[in-house]
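Just below is one structure, and these are the notes that go with it.
Order of the sequence lines fixes the chain letters, A, B, ..., with proteins taken first and strands second; residue numbering starts at 1 for each chain.
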Protein chains: 2
Amino acid sequence: MTEDQHPDDPLRLDRQICFPLYAASNLINRLYRPVLSKLGLTYPQYLVMLALWEQAPRTVGALGEALYLDSGTLTPLLKRMEQAGLLTRKRDPEDERRVQVDLTSEGRALKAEAQRVPETLTAGFEGDPADVEDLRDSVQALVATLSRHTRGPAD
Amino acid sequence: MTEDQHPDDPLRLDRQICFPLYAASNLINRLYRPVLSKLGLTYPQYLVMLALWEQAPRTVGALGEALYLDSGTLTPLLKRMEQAGLLTRKRDPEDERRVQVDLTSEGRALKAEAQRVPETLTAGFEGDPADVEDLRDSVQALVATLSRHTRGPAD
DNA sequence: TTCATTTATATTGCACACAATTTAATTGCT
DNA sequence: AGCAATTAAATTGTGTGCAATATAAATGAA
């Protein structure tokens, strides 16, 4: 009972830009999982570590801006990472509304263990590394556009 | 307490290909949500409808192959869509292990309502439509590569 | 035929994401 | 100073995603 499928039907799955991005994100999560689980991290937790290795301490809000996530996602995630001993969460004495997230020495030390994660995972990508960089830059540009349209998490 | 950040540090957030894909996927979900909620759909439910509008009935496994999802994700999602009256789930009499998912007349009728969803959402993308198509094709190629590495959901 | 193996889906447990709401602290207007 | 408006996080409730496991049906080798 196959529906007739016109080649220019705007609802064709293979004409969507959203679907390959969705699928790629899921596949990447699946690919990273076994590698990151050895470090005791999930994929979004890994992103938080990348952000903090670049700059720490940071407020929950600043982390959310960097990763395009809101406190509804970050708060429980950061609590789990705090439990794991990777970071600390402290109210900012300057402004008690803010929470400063900082790395523990254990969290800083984990960076050494993570050094080989990117190459491990891009090793099998096959294809010109320059093409991958072009793709990355294109998706980054798309993210910049999209983020302008959604004015941050939860509007 | 900012860490020193070398320009060629492989762990820099802006050097990752994974992160913009992750961020784009989240942002797209957020952008689609208000539009799709008017149709009574979530984003992954919309993808299931796109797949079924192209071909129905389909088994759970065939849907999973098309969308890169496994039964752990699809089963509860399809049950909710069945409750909503969009589709039916029936054991295949030919092979009782399989479940055939088919559209109801309500599910088929929803396609008319969804016709304008893609243009509504790409309207604000600003930029050459050809560039968006190039990006789509590049990400599709990446998905094809990634799916070869992960041998399907749950390996 | 019998029964171990394989296959298709469902279930369980855990960790996100996000809208909406709540709580608490700060700002700003008067 | 007093207080309404704003801001930053946390909480609540729903819906994914996925690994691991369970269940049940079909397959296949002896």
Side-chain angles (χ1 to χ4, degrees), chain A residues 22-37 40-48 58-65 67-84 89-101 150-155, chain B residues 22-37 40-48 58-65 67-84 89-101 150-155:
Chain A
Y22 166 84
S25 182
N26 287 345
L27 288 168
I28 283 175
N29 189 338
R30 232 173 284 163
L31 196 62
Y32 271 75
R33 187 181 297 258
V35 178
L36 293 179
S37 77
L41 294 173
T42 65
Y43 180 68
Q45 290 173 7
Y46 173 66
L47 293 180
V48 167
R58 282 161 97 129
T59 63
V60 172
L63 277 173
E65 215 170 308
L67 302 178
Y68 304 98
L69 296 172
D70 69 1
S71 71
T73 300
L74 282 174
T75 296
L77 191 153
L78 293 171
K79 282 184 177 174
R80 281 186 286 270
M81 296 177 76
E82 186 182 36
Q83 281 303 306
R89 295 160 62 249
K90 274 200 276 287
R91 287 279 166 187
D92 185 344
E94 299 292 305
D95 183 342
E96 291 279 346
R97 290 172 305 179
R98 288 199 286 257
V99 167
Q100 294 288 352
V101 180
T150 55
R151 289 210 267 297
D155 230 25
Chain B
Y22 165 85
S25 183
N26 286 345
L27 287 168
I28 283 175
N29 190 339
R30 230 174 284 163
L31 196 63
Y32 272 75
R33 188 182 297 257
V35 178
L36 293 178
S37 77
L41 294 173
T42 65
Y43 180 67
Q45 289 173 7
Y46 172 67
L47 293 180
V48 167
R58 283 161 98 129
T59 64
V60 172
L63 277 173
E65 214 169 308
L67 302 178
Y68 304 97
L69 295 172
D70 69 0
S71 71
T73 299
L74 281 174
T75 296
L77 192 154
L78 293 171
K79 282 183 177 175
R80 280 187 286 271
M81 296 177 75
E82 186 181 35
Q83 282 302 306
R89 294 161 63 248
K90 274 201 275 287
R91 286 283 164 184
D92 185 345
E94 299 292 306
D95 183 341
E96 290 279 345
R97 292 171 304 179
R98 289 199 286 256
V99 168
Q100 294 288 350
V101 180
T150 54
R151 290 212 270 297
D155 233 26

Greater than 12 external heavy atoms within 6.0 Å of E65(A)'s CD: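 Open.
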Nearest whole Å is fine: how far is [N] [atom2] from [X] [atom1]?
X: L78(A); N: dA8(D); atom1: CG; atom2: C1'; answer: 14 Å
X: D70(B); N: dT12(C); atom1: CG; atom2: C1'; answer: 13 Å
X: N26(A); N: dA19(D); atom1: CG; atom2: P; answer: 10 Å
X: L47(B); N: dT16(D); atom1: CG; atom2: C1'; answer: 12 Å
X: L67(A); N: dC16(C); atom1: CG; atom2: C1'; answer: 13 Å
X: R98(A); N: dT6(D); atom1: CZ; atom2: P; answer: 19 Å
X: R58(A); N: dA9(D); atom1: CZ; atom2: P; answer: 13 Å
X: L63(A); N: dA17(C); atom1: CG; atom2: P; answer: 14 Å

List the atom of [X], the atom of [Y], and the distance in Å for their closest heavy-atom pair.
X: Y22(B); Y: S25(A); result: CA-OG, 3.6 Å
X: S71(B); Y: P76(B); result: O-CD, 4.0 Å
X: A23(B); Y: Y68(A); result: CB-CD1, 3.7 Å

Taking the minimum atom-to-atom distance to the side chain of [X], which one of [options] wins?
X: T73(A); options: dT16(D), dA17(C), dA9(D); value: dA17(C)
X: R30(B); options: dC18(C), dG17(D), dA9(D); value: dC18(C)
X: R91(A); options: dA10(D), dA19(C), dG17(D); value: dA10(D)
X: K79(A); options: dT9(C), dA19(C), dT11(D); value: dT11(D)

Base dA10(C) paired with S71(B) side chain (donor-acceptor, <3.5 Å): yes
Side chains of [X] and [Y]: closer than 4.5 Å at any heavy-atom pair?
X: L78(A); Y: L63(A); result: yes
X: L67(A); Y: T73(A); result: no
X: V48(A); Y: L74(A); result: yes

Verify, without hydrogens or angle tests, whether [X] (side chain) and [Y] (backbone) share a donor-acceptor contact under 3.5 angstrom.
X: N26(B); Y: N29(B); answer: no
X: S37(B); Y: P34(B); answer: yes
X: R98(B); Y: R91(B); answer: no

Contact nearer the 5' end of DNA chain D, comparing L27(A) with G61(A): G61(A)
For [X] and [N], is the shortest distance between a side-chain N/O and OP1 or OP2 below 4.0 Å?
X: Y22(B); N: dA17(C); value: yes
X: R33(A); N: dG17(D); value: no
X: T75(A); N: dA10(D); value: yes
X: Y68(A); N: dA17(C); value: no

So which protein nitrogen or oxygen atoms get under 3.5 Å of nucleotides 2-5 of chain D's nitrogens or oxygens?
none

Derivation of the side-chain contact (heavy atoms from CB on, under 4.5 Å) call for R89(B) and T75(B): CA-CA 10 Å; R89(B) 294 161 63 248; T75(B) 296; 4.3 Å; yes
Between N or O atoms, less than 3.5 Å apart, protein on one side and nucleotides 13-15 of chain D on the other: list the pairs.
none

Mind listing the N/O atom pairs, protein and nucleotides 22-27 of chain D, below 3.5 Å?
residue, atom, partner, partner atom, Å
dA26(D), OP1, E96(B), N, 3.1

Given D95(A), D92(A), T59(A), the one that forms side-chain hydrogen bond (donor to acceptor under 3.5 Å, both in side chains) with Q100(A):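 Checked D95(A), D92(A), T59(A) against Q100(A); only one passes side-chain hydrogen bond (donor to acceptor under 3.5 Å, both in side chains): D92(A).
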Parallel, tilted or perpendicular: rings of Y32(A) and Y46(A) (30°, 60°): tilted
